[in-house]
Amino acid sequence: MEKNFNHAQLESQIYARWEESGLFAPKANSQGAPFVIVIPPPNVTGNLHMGHALDNTLQDILIRYHRMKGDDTLWVPGTDHAGIATQAVVEKALALEGIKREDLGREKFVARVWQWKAEYGGNIARQLRRLGASCDWGRERFTLDEGLSKAVREVFVRLYEEDLIYQGDYIINWCPRCLTALADIEVERDDRKDSLYHIHYPLEGGASSLDSLIVATTRPETMFGDTAVAVNPKDERYKTLIGRLARIPLIDRLVPIIADEYVDLEFGTGALKVTPGHDHNDFQIGQRHNLPIIKAIDERGFLTEAAGVYKGLERDQARQKVVLDLESQGLLAKIEPIAHAVGVCYRCRTVIEPLVSRQWFVRATPLAKKAIEAVRDGRTRLRPAQWEKTYFEWLENIRDWCVSRQLWWGHRIPAWSCSSCGKVTVSREDPASCPHCQGQLRQDPDVLDTWFSSGLWPFSTLGWPEKTADLARFYPTTVLVTGFDIIFFWVARMMMMGLWLTDQAPFRDVVLHPLVRDAHGQKMSKSKGNVIDPIGIIDLYGTDAFRFTLAAQAGQNRDMKLNPARVAGYGKFINKIWNAARFVLTNLGGEDYGALGDKTDGASTPALSLPDRWIHSRLLAVTAQCRERLENFEFDHLADVIYHFVWDEFCDWYLELVKPILYGADQTAIKATRRNLLISLVKVISLAHPIIPFVTEEIWGKIPGAQGFLMNASYPEATEDLDPEAESQIGILMDIARVVRSIRADFGAPPGAKVAPLVKTGDPEVLSLLANYGPILTRLMGAESLKAVEPSAQKPRDAAGATRVWGEIWVPLGGHIDLALELARLDKEAAQLAKDIRQATGKLHNPDYVQKAPSEVVEETRERLDEMTKRAAVISQTLTALKEMAQ
RNA sequence: AGGCGUGUAGCUCAGGGGGAGAGCACUACCCUGACACGGUAGUGGUCAAGAGUUCAAAUCUCUUCACGCCUACCA
């Protein structure tokens, strides 16, 4: 075996062998309970980023664990067509050739996107393989493939027939750059510092041009779309003006002054220009007051003929010119700075232009109701549960979902309008002519929001609406693993769609993980240049080290700060486990240990040494912990348990304790220990496999008698009883070793100097331990002997000591002990002890504590007090003796 | 404006009513036959601040401060 695990060379080979074996797919006729995860589909043209890496590592850990546990495990992979994102990528590429999508026309453009997908679409799947993702590639899906498109159409038609989808003229968020409508949650907020313009709207019939109502606005260019000025009915300043007319400057159009509760008395001047065509709130006011809607700005962000001479100006230019003209006419009362948030497109950060237009909407409230209920009654659990509140809050205040997008790449809306009768037909099959009048039909040019199809993902990928075997066997799915940032976009939509269409909650648990940031907690972004490429990390440190890092940091926090130095640190752990295996495998002595099945249990062979019994017991405890953590999605704690067990207990103690046996002369003991080494190694790599699959699989391949793959072996079970006797005895041995080492170090005994520690005890258990295992310990302490002395013995003058529950330990160090040093040490210890004793005594004298605290806790305190009192007596004696010596 | 979250060792974080913890970093010593990507022993903290509940608070409650995030129709 090489000294290091060669991840660069071995990982891809191991993955290829797994994939060839067909073990990623569920086993035919499995008796296990289904355990199903659908992958959050990454953008088909995307590259693997840190978020995917975390997401899929956690999924793979769960999948590998459940597969080893014997469940009927399925992980469905796939990709999303990602409407706007993909279309934008392809348009960008075309732009380099000097081509616009309009030049190509719809069909040719869509063909180009498919071509793009064929070229780059496999990228993400290749990268997922490097992550070790053990998903069933035979079931890979794409949101635009035939089956899923059929599902989308079925849903659209069904919801339309149930009157849950409608077409309406409504104010929507429009991106003038992407030229499409956006759903509310696709609009992000940017904090800006702008100006608040106070503008005179002259009153009709006023005495002079200065007899005016002043309105405040950040968007003067929308004034050409104003159809009213609103004031609050409670506003004493303006009461008399209600019902009169005001004149819009620059175009001299008259609008009514109306009263509406919405207007804030405190803000600006308390008078609001109402532009129902270009503002969400104004639209609502317009609805209440039956105001007309004037479109002053077009889809590309230029002013329309409604703006008179300003027609044709771009929004921002128009604003400047309007402000200048107002000022020159003396109609600009003042300009004050204002900090506010403006809506921007989540794709391109262009400022959103609210527009009234005809779009398709999903009535969200009835769907949301079911989604709320399913989480309230626990059919689906969000983890951590704190997210449930966020989930409820959004769903309880949900607004109708605008699902049409003015793009070419996506699911075409299955609606046709008739050129003769004008009626709209929504249909599962493409209709040849209008079913009402046989007139000519034209299909709606829009496509559906990407999230419409991803909302169906848990069941559309399994074949729905067909009644497939997969659907029957694997739906509803078990766990969803995703970032909390898409609770609204995706999780809530899947819940709504799933419950409405299949009458079942699509998942049992939704595991929300943190968002990956850079080492300083900053969001990774190309513009900041702080993006860490997961593949680069994998190349450097190996997939296992990377996966271990992600798991170790996947706690309850919202941010995960990824520091490559930490990955390097866990790379050392991979090396450690590899070398532990190397030690075990090179010490087996070439004997035949039989088929591996015999090795994983029955460790209670009589010939087992104390260290063997101990590690066996510890393995049982750790196995139970690992299982519990996996069942509860505590990935960070899982990594922690494995790390410490492997390093601190398995390597630092067990392998060291066992060396004297292996290098000894007792052939029976050697044989038993070799066998146990092998058994425990198998358990260790099995426990760790879900997190670090590659190195553990490679080790498995080197184990004599190992059959097949570790990924297909069984996860350890903790069925036997622990061995408390072995644990406590090894505990005492560890204690002795640590005390001796500590004393040596404190008194600066040279490393080469052999010491001969003395253990003063009357405890028969300790005496027997010393008799049997003293020789094992001496090696670990750099001692030449370890002897017991009578309880009545006097401490040698040149010895340093420490008191323990089971007795006392003395380490004669010749001339190395400085009397003064020890006096100081003991004084310090005595002071601390006195403090602790006061505390414990106080507690035990307190009736409240004695009654309220659990009896074990009280008992523990009592025992500790006894222990401390004994120690205090010893220290006090020693101190007296030392002081005498010093004199 | 509301809601949520965070504040514990130099860094990243775990813990959570009765002894302040881990990893990395740091110091000293050690290349001992799995591993120097190693070993052993250590240094280091008013658990953000203040108040309250309690015999006992890093932990529970309240207030304050700082920093994040999310939602929202203040033009």
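All chains are named by letter (A, B, ...) in the order of the sequence lines, taking the proteins before the strands, and each is independently numbered beginning at 1.
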B:G39 versus B:G33 - spacing of their C1' atoms, nearest Å: 14 Å

On RNA chain B, nearest-nucleotide positions of A:Ala216 versus A:Asp648: which is more 5'? A:Asp648

Among A:Trp394, A:Trp401, A:Phe392, find the one that has a ring pair (Phe, Tyr, Trp, His ring centres under 6.0 Å) with A:Phe488. A:Trp394

Could you give the CH2-to-C1' distance, from A:Trp653 to B:G39, as a whole number of Å? 12 Å

Using the P atom in both, what is the distance from B:A48 to B:A41, to the nearest Å? 31 Å

Would you indicate what A:Arg738 reaches in the nucleic acid, counting non-hydrogen atoms under 4.0 angstrom: base, sugar-phosphate, or nothing? sugar-phosphate

What nucleic acid atoms does A:Ala565 come within less than 4.0 Å of, heavy atoms only: base, sugar-phosphate, or nothing? nothing

Figure out the CZ/C1' separation between A:Phe267 and B:A75, and round it to whole Å. 5 Å

My validator wants the stems of RNA chain B: runs of 3 or more consecutive Watson-Crick or G-U pairs, both distances under 3.5 Å, written as range with range. B:1-7 with B:65-71, B:10-13 with B:21-24, B:26-30 with B:38-42, B:48-52 with B:60-64

Counting any heavy atom closer than 4.0 Å, what does A:Tyr262 reach on the DNA or RNA strands: base, sugar-phosphate only, or nothing? base

Parallel, tilted or perpendicular: ring planes of A:Trp387 versus A:Phe484, cut at 30 and 60 degrees: parallel

Can you work out whether A:Arg517 or A:Lys3 has the more 5'-proximal nearest nucleotide on RNA chain B? A:Lys3

Aromatic ring proximity A:Phe283/A:Tyr170, centre distance under 6.0 Å: yes

What's the gap between B:A51 and B:C65 when it is taken at their C1' atoms, as a whole Å value? 15 Å

Taking the C1' atom of each, how far is B:C11 from B:U71, in whole Å? 33 Å

Considering only atom C1', compute the distance from B:U8 to B:U46 and round it to an integer number of Å. 12 Å

Under 4.0 Å from OP1 or OP2 of B:U12: is there any side-chain N or O of A:Arg566 that close? no

List in numerical order all residues of residues 485-493 of chain A for which some heavy atom is under 4.0 Å away from an atom belonging to RNA chain B. A:Phe488

Can you check the distance between B:G19 and B:A25, where both ends of the measurement are the C1' atom (answer in whole Å)? 27 Å

Applying a 4.0 Å non-hydrogen cut-off, can you work out what A:Lys561 is touching in the nucleic acid: base, sugar-phosphate, or nothing? sugar-phosphate

As a test of reading the structure: which of B:U40, B:C4, B:G33 is closest to the side chain of A:Lys389, going by heavy atoms? B:C4

Nearest-angstrom distance, C1' atom, B:A58 to B:A49: 14 Å

Could you tabulate the donor-acceptor pairs under 3.5 Å formed by side-chain atoms of residues 571-581 of chain A, not counting sequence neighbours?
from	atom 1	to	atom 2	distance (Å)
A:Asn575	OD1	A:Asn579	ND2	3.1
A:Trp578	NE1	A:Glu2	O	2.9
A:Asn579	OD1	A:Arg582	NE	2.9
A:Asn579	OD1	A:Arg582	NH2	3.3
A:Asn579	ND2	A:Lys3	O	3.3
A:Asn579	ND2	A:Asn575	O	3.0

Using only heavy-atom distances, decide whether a donor-acceptor pair under 3.5 angstrom links the side-chain of A:Gln553 to the base of B:A14. no

Measuring only the C1' atom in each nucleotide, how far is B:C55 from B:U40? A whole number of Å is fine. 42 Å

